[in-house]
K.L.:
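Sharing a structure, written as structure tokens. Questions coming.
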Amino acid sequence: MCQNAQATNISRDILTIMAGPLDKRFRLIGLLPLSFFLAQTIHYWRVGGMGNLLWMCNVGNLLLALGLFLNHRELIRAAAIWTIPGLVIWARYVLFEYDFVVSSALAHVGGIIVGLIVLRRVRMDRTAWFYAFVWYLFMQVVSRLTSDPRLNVNLAHRIQTGWENAFSSYWEFWIVMTMLAAFCLWAIGRMLLWIWPVWDAERSGTDFSL
């Protein structure tokens with residue numbers, strides 16, 4: 001009984017430390033994703049198409065930086081989750097179809113590296129995927145209202161090229177993509193929760209089950 005009580009107290013102490021504010025030196029890691037976003041800004045300012053900065057993988061670096069600077073764990077987790085599908089989509093539709101761009105590689109490869117390193121400290125909870133999904137819906141609205149329709153940023157304007165025969169209308173396409181995005185974010189969130197969990201005890205101080 002005494003050993004169990006000691007183990008419980010040690011676990012609670014660890015969780016208390018993890019739940020506390022991130023130290024300032026650690027939060028300076030936010031300078032890296034911020035520099036990735038600024039590099040992409042300079043790139044698109046030179047070549048045109050500034051609306052491309054609103055793609056989830058690009059603006060996600062800005063969200064990650066803000067989360068670190070503001071010590072906001074939900075922002076950090078949401079941004080980190082998006083680095084995974086962002087890297088896959090970038091590799092499929094940009095890296096293999098266009099020229100290699102250093103700033104783009106930094107935004108995607110560098111972004112996921114920083115995101116996963118930070119998650120080892122911040123950890124993952126059950127609701128992070130939902131915040132990532134809400135962020136996606138918000139950026140869909142922003143992209144539709146502010147970006148050039150020709151860029152089709154975040155697929156907010158029309159059906160992805162090559163998929164026109166699979167859908168009868170844009171809104172049918174949008175509903176399917178939104179449901180797919182929700183499922184993928186949930187699955188990624190569960191995977192990261194399994195790797196770096198934040199136990200319920202971090203909130204309640206009593207329950208250590210996943």
Side-chain angles (χ1 to χ4, degrees), residues 33 36-66 74-75 77-116 127-192:
F36 302 157
F37 179 78
L38 292 177
Q40 281 287 72
T41 301
I42 294 172
H43 168 69
Y44 285 120
W45 179 71
R46 288 176 174 173
V47 303
M50 288 289 285
N52 284 306
L53 288 172
L54 295 178
W55 282 100
M56 298 297 296
C57 39
N58 288 326
V59 75
N61 280 289
L62 183 59
L63 183 70
L64 180 58
L66 289 174
E74 295 304 340
L75 294 184
R77 290 167 182 153
I81 287 175
W82 266 108
T83 62
I84 296 175
L87 180 66
V88 173
I89 294 170
W90 171 73
R92 167 61 181 85
Y93 291 102
V94 178
L95 185 60
F96 295 146
E97 296 187 9
Y98 299 95
D99 293 335
F100 178 83
V101 178
V102 174
S103 64
S104 184
L106 286 174
H108 296 85
V109 180
I112 193 172
I113 291 173
V114 173
L116 295 181
T127 61
W129 76 270
F130 182 73
Y131 287 94
F133 181 60
V134 171
W135 171 245
Y136 166 75
L137 294 178
F138 173 75
M139 289 308 303
Q140 281 264 298
V141 174
V142 172
S143 301
R144 188 168 180 85
L145 294 178
T146 64
S147 65
D148 188 335
R150 291 174 296 180
L151 299 175
N152 200 25
V153 174
N154 296 318
L155 308 181
H157 292 279
R158 67 178 186 276
I159 299 172
Q160 171 69 22
T161 302
W163 293 15
E164 295 88 349
N165 294 331
F167 300 94
S168 59
S169 69
Y170 169 74
W171 293 111
E172 179 183 325
F173 167 79
W174 182 86
I175 290 172
V176 172
M177 289 298 104
T178 299
M179 294 174 62
L180 180 61
F183 174 77
C184 289
L185 294 173
W186 173 82
I188 293 169
R190 294 298 296 182
M191 178 187 70
L192 294 174

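In this chain, numbering begins with 1 at the start of the sequence shown.
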K.L.:
When rounded to the nearest 0.5 angstrom, what is the spacing between CD in Gln140 and CG in Leu54?
P.N.:
11.5 Å
K.L.:
Is there side-chain contact between Ile89 and Met56, with heavy atoms separated by less than 4.5 Å?
P.N.:
no
K.L.:
Could you tell me which non-hydrogen atom of Phe36 sits nearest to which non-hydrogen atom of Leu106, and how far apart they are?
P.N.:
CD1-O, 3.4 Å
K.L.:
Give the C-alpha distance, both sets of side-chain angles, the deciding distance and a yes or no for side chain to side chain contact (heavy atoms under 4.5 Å, CB included) between Trp129 and Arg190.
P.N.:
CA-CA 8 Å; Trp129 76 270; Arg190 294 298 296 182; 6.0 Å; no
K.L.:
Please tell me if the side chains of Thr178 and Phe133 come closer than 4.5 Å, counting only heavy atoms from C-beta onward.
P.N.:
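Yes, close enough: below the 4.5 Å cut-off.
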K.L.:
Evaluate side chain to side chain contact (heavy atoms under 4.5 Å, CB included) for Val141 paired with Leu137, printing each intermediate quantity in order.
P.N.:
CA-CA 6 Å; Val141 174; Leu137 294 178; 5.9 Å; no
K.L.:
Answer yes or no: does atom CZ of Phe167 have more than 12 heavy-atom neighbours from other residues, nucleotides or ligands under 6.0 Å?
P.N.:
yes
K.L.:
Using only atom types and a distance under 3.5 Å, with no angle test, would you say the side chain of Gln40 pairs donor to acceptor with the backbone of Leu38?
P.N.:
no
K.L.:
Looking only at atom types and distance, does a side-chain atom of Asn152 sit under 3.5 Å from a main-chain N or O of Arg158, one as donor and one as acceptor?
P.N.:
yes
K.L.:
Which atoms form the tightest heavy-atom contact between Ala80 and Gly115, and what is the distance?
P.N.:
CB-O, 4.0 Å
K.L.:
Angle class for the Tyr170/Phe173 ring planes (parallel below 30°, perpendicular above 60°, tilted otherwise)?
P.N.:
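Tilted.
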K.L.:
Tell me, with the steps shown, if Trp82 and Leu63 meet side chain to side chain contact (heavy atoms under 4.5 Å, CB included).
P.N.:
CA-CA 10 Å; Trp82 266 108; Leu63 183 70; over 6 Å; no
K.L.:
Among residues at least two apart in sequence or on other chains, which ones pass side-chain hydrogen bond (donor to acceptor under 3.5 Å, both in side chains) with Thr83?
P.N.:
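Applying side-chain hydrogen bond (donor to acceptor under 3.5 Å, both in side chains) to Thr83 gives none.
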K.L.:
Got a second to check how far Asn154's CG is from Met177's CE, nearest 0.5 Å?
P.N.:
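Going from CG on Asn154 over to CE on Met177, the span is 13.5 Å.
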K.L.:
Roughly how far apart are Asn52 CG and Tyr44 OH, rounded to 0.5 Å?
P.N.:
4.5 Å
K.L.:
Please report the shortest heavy-atom distance between Gly111 and Leu64, naming the atom on each side.
P.N.:
O-CD2, 4.3 Å
K.L.:
Quick check for you: to the nearest 0.5 Å, what is the distance between Trp135 atom CH2 and Met139 atom CE?
P.N.:
5.0 Å
K.L.:
Between CG of Leu53 and NE2 of His43, what distance do you get to the nearest 0.5 Å?
P.N.:
9.5 Å
K.L.:
Is any side-chain heavy atom of Val47 closer than 4.5 Å to one of Trp45?
P.N.:
no
K.L.:
How close do Cys57 and His108 get, heavy atom to heavy atom, and via which atoms?
P.N.:
SG-NE2, 3.0 Å
K.L.:
Answer yes or no: is there a side-chain heavy-atom contact under 4.5 Å between Val134 and Tyr131?
P.N.:
no
K.L.:
Applying side chain to side chain contact (heavy atoms under 4.5 Å, CB included) to Thr41 and Asn58, what does each step give before you reach the verdict?
P.N.:
CA-CA 9 Å; Thr41 301; Asn58 288 326; over 6 Å; no
K.L.:
Do Val153 and Arg144 have side chains that get closer than 4.5 Å, going by heavy atoms?
P.N.:
no
K.L.:
Applying side-chain hydrogen bond (donor to acceptor under 3.5 Å, both in side chains), name anything that partners Glu172, two or more places apart in sequence or on another chain.
P.N.:
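Glu172 satisfies side-chain hydrogen bond (donor to acceptor under 3.5 Å, both in side chains) with Ser168 only.
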K.L.:
Sequence neighbours excluded, which residues qualify as salt bridge (charged side-chain N to carboxylate O under 4.0 Å, His left out) partners of Arg150?
P.N.:
Asp148
K.L.:
To the nearest 0.5 Å, tell me how far Met50 CE sits from Thr146 OG1.
P.N.:
11.5 Å
K.L.:
Is the count of non-hydrogen atoms from other residues, nucleotides or ligands lying under 6.0 Å from Phe138 atom CZ greater than 12?
P.N.:
no
K.L.:
Under a 4.5 Å cut-off applied to non-hydrogen side-chain atoms, are Pro85 and Ile188 in contact?
P.N.:
yes
K.L.:
Is the closest side-chain heavy-atom distance between Thr127 and Arg77 below 4.5 Å?
P.N.:
no
K.L.:
What heavy-atom pair brings Trp90 and Val109 nearest, and what distance separates the two atoms?
P.N.:
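Shortest heavy-atom contact: CZ3-CG2, 4.0 Å.
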